[in-house]
Asker: 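So that we are looking at the same thing, I have put the structure below in structure tokens.
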Amino acid sequence: MKSTLILTALLVLAAAPLRAAVLETEPHTFPVTAKHRVHIEFPVGELRILPSDESHVRFDLKVRCRGSAGERCEELANRLVLESHDEGGTLHLKLDKYPKWHNKGLTVIGELHVPRALALRVEMGVGELAIEGLEGDLDVDLGVGDADIRMARARASHVSVEAGVGEAAIRGGGTSTASRGFIGSHAMWSGGTGRSSVRLHVGVGEAAVRLD
């Protein structure tokens with residue numbers, strides 16, 4: 001199923017050098033069971049993923065436009081399409097139709113709320129990714145940018161962090177390992193008493209898992 005993202009103006013700053021427009025969607029919700037997995041594909045922007053105690057997944061989206069993009073913000077934002085389908089116990093979400101041309105000054109900001117115990121797969125192209133407080137398995141690929149995952153050490157069994165170019169780090173919870181290389185950095189932690197397996201890969205950028 002494809003869902004058109006209807007965006008409404010939140011704020012317009014009139015000062016010419018700082019002119020910006022921010023648009024947001026109505027929240028999109030998707031029912032899930034305790035055995036579901038969630039898979040999200042997010043092209044470019046800022047994505048934050050938070051835990052929820054609800055029986056559904058919720059996705060909120062904002063689009064921020066600055067400079068010349070501010071004049072065409074609604075036009076650019078309305079090209080975005082959220083594709084969703086539930087198959088084989090996996091909820092698939094994909095943000096599609098991101099404008100590849102004339103998108104300077106356009107930033108897509110997503111916030112995904114996931115029942116904390118569900119397994120999650122993230123595929124992201126470019127940007128900033130933050131994941132906090134989830135307790136299921138995590139499998140994350142980010143092409144270019146910075147990724148930061150925070151979870152309770154008591155919930156984790158194994159953590160693997162890789163960066164093609166940049167730093168890979170595991171911090172906190174009585175352990176701290178980091179590796180930086182021009183080609184290939186890798187940090188690992190195992191032996192935890194929890195049940196969650198965490199794999200994080202960043203092609204170019206910073207990759208970090210924090211065990212609280």
Side-chain angles (χ1 to χ4, degrees), residues 1-14 18-136 138 140 142 145 147-149:
M1 179 176 68
K2 294 185 179 181
S3 304
T4 301
L5 298 174
I6 301 173
L7 298 109
T8 56
L10 280 181
L11 177 67
V12 177
L13 302 179
L18 299 174
R19 184 178 179 183
V22 179
L23 308 177
E24 71 173 355
T25 67
E26 293 291 331
H28 287 64
T29 59
F30 308 90
V32 290
T33 69
K35 295 182 179 181
H36 258 80
R37 299 175 63 87
V38 178
H39 178 197
I40 183 167
E41 297 179 59
F42 193 86
V44 181
E46 301 171 12
L47 179 61
R48 188 181 185 198
I49 302 176
L50 299 170
S52 166
D53 293 317
E54 304 293 336
S55 59
H56 60 257
V57 170
R58 185 179 117 187
F59 184 60
D60 300 323
L61 190 75
K62 294 180 182 178
V63 175
R64 183 177 65 229
C65 301
R66 289 196 174 102
S68 60
E71 300 172 1
R72 303 176 57 233
C73 194
E74 187 171 357
E75 175 192 344
L76 293 171
N78 283 332
R79 297 178 185 177
L80 295 171
V81 174
L82 179 63
E83 297 184 1
S84 65
H85 67 277
D86 194 329
E87 182 179 5
T90 299
L91 173 65
H92 298 267
L93 301 175
K94 180 179 180 180
L95 188 63
D96 204 3
K97 306 299 183 183
Y98 181 86
K100 296 181 179 179
W101 309 105
H102 309 297
N103 58 2
K104 187 175 182 180
L106 174 73
T107 303
V108 178
I109 304 166
E111 188 167 282
L112 183 69
H113 296 256
V114 177
R116 64 181 70 247
L118 296 192
L120 175 68
R121 168 84 173 113
V122 180
E123 293 182 82
M124 185 169 172
V126 179
E128 298 180 9
L129 172 65
I131 302 174
E132 301 176 28
L134 297 186
E135 299 175 1
L138 298 177
V140 179
L142 170 63
D148 185 83
I149 297 174

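Here, residue 1 is the first one in the sequence, and each next residue gets the next number. Remember, it's a predicted structure, so these values are computed and weren't measured experimentally.
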Asker: Which heavy-atom pair separates Leu106 from Cys65 by the least distance, and what is that distance?
Answerer: CD1-SG, 3.5 Å
Asker: Testing the basics here: between Gly110 and Phe59, what is the closest heavy-atom pair and its distance to 0.1 Å?
Answerer: CA-CE1, 4.3 Å
Asker: To the nearest 0.5 Å, what is the distance between NE2 (His36) and CG (Leu91)?
Answerer: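 Rounded to the nearest 0.5 Å, the NE2-CG separation comes out at 6.0 Å.
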Asker: Where do Gly125 and Leu142 come nearest, in terms of heavy atoms and distance?
Answerer: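 Heavy atoms of Gly125 and Leu142 come nearest at O-CD1, 3.9 Å.
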Asker: Look at the rings of His92 and His85 and say which category their plane angle falls in: under 30° parallel, 30 to 60° tilted, over 60° perpendicular.
Answerer: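 Ring orientation of His92 relative to His85: parallel.
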Asker: Any heavy-atom pair between the side chains of Phe30 and Leu93 that's under 4.5 Å?
Answerer: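 Side-chain contact under 4.5 Å: yes.
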Asker: Rounded to the nearest 0.5 Å, how far does CZ of Arg64 lie from CD1 of Ile109?
Answerer: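 Between atom CD1 of Ile109 and atom CZ of Arg64 there are 4.0 Å.
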Asker: Under 3.5 Å, which donor-acceptor pairs do the side chains of residues 50-57 form with other protein atoms, sequence neighbours left out?
Answerer:
unit_1	atom_1	unit_2	atom_2	d
Ser52	OG	Glu54	N	2.9
Asp53	OD1	Arg116	NE	2.8
Asp53	OD1	Arg116	NH2	3.4

Asker: Answer yes or no: are there more than 12 heavy-atom neighbours, outside Arg121 itself, under 6.0 Å from its atom CZ?
Answerer: yes
Asker: Please walk me through it: do Val44 and Val108 pass side-chain contact (heavy atoms from CB on, under 4.5 Å)?
Answerer: CA-CA 7 Å; Val44 181; Val108 178; over 6 Å; no
Asker: What distance separates Glu128 CD from Leu47 CG, expressed to the nearest 0.5 Å?
Answerer: 11.0 Å
Asker: Suppose we screen for salt bridge (Lys or Arg N to Asp or Glu O under 4.0 Å). Which residues come up paired with Glu132, at least two apart in sequence or across chains?
Answerer: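 Result, salt bridge (Lys or Arg N to Asp or Glu O under 4.0 Å) vs Glu132: Arg48.
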Asker: Do you know which of Leu120, Val122, Ile49 makes side chain to side chain contact (heavy atoms under 4.5 Å, CB included) with Val38?
Answerer: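 Of the listed residues Leu120, Val122, Ile49, the side chain to side chain contact (heavy atoms under 4.5 Å, CB included) partner of Val38 is Leu120.
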Asker: If I compare all heavy atoms of His39 with all of Glu41, which pair ends up nearest, and what's the gap?
Answerer: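 Looking at all heavy atoms of both residues, the shortest contact is NE2-CG, 3.8 Å.
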Asker: Could you tell me which non-hydrogen atom of Leu80 sits nearest to which non-hydrogen atom of Lys97, and how far apart they are?
Answerer: CD2-O, 4.0 Å
Asker: Supply the atom-to-atom distance Glu46 CD to Met124 CE, rounded to the nearest 0.5 angstrom.
Answerer: 8.0 Å
Asker: Applying ring-ring contact (aromatic ring centres under 6.0 Å, His included), can you list everything that pairs with His113, at least two apart in sequence or on another chain?
Answerer: none
Asker: Considering non-hydrogen atoms only, spot the tightest contact between Pro115 and Val32 and give its length.
Answerer: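 Between these two residues, the closest heavy atoms are CG-CG2, 3.9 Å.
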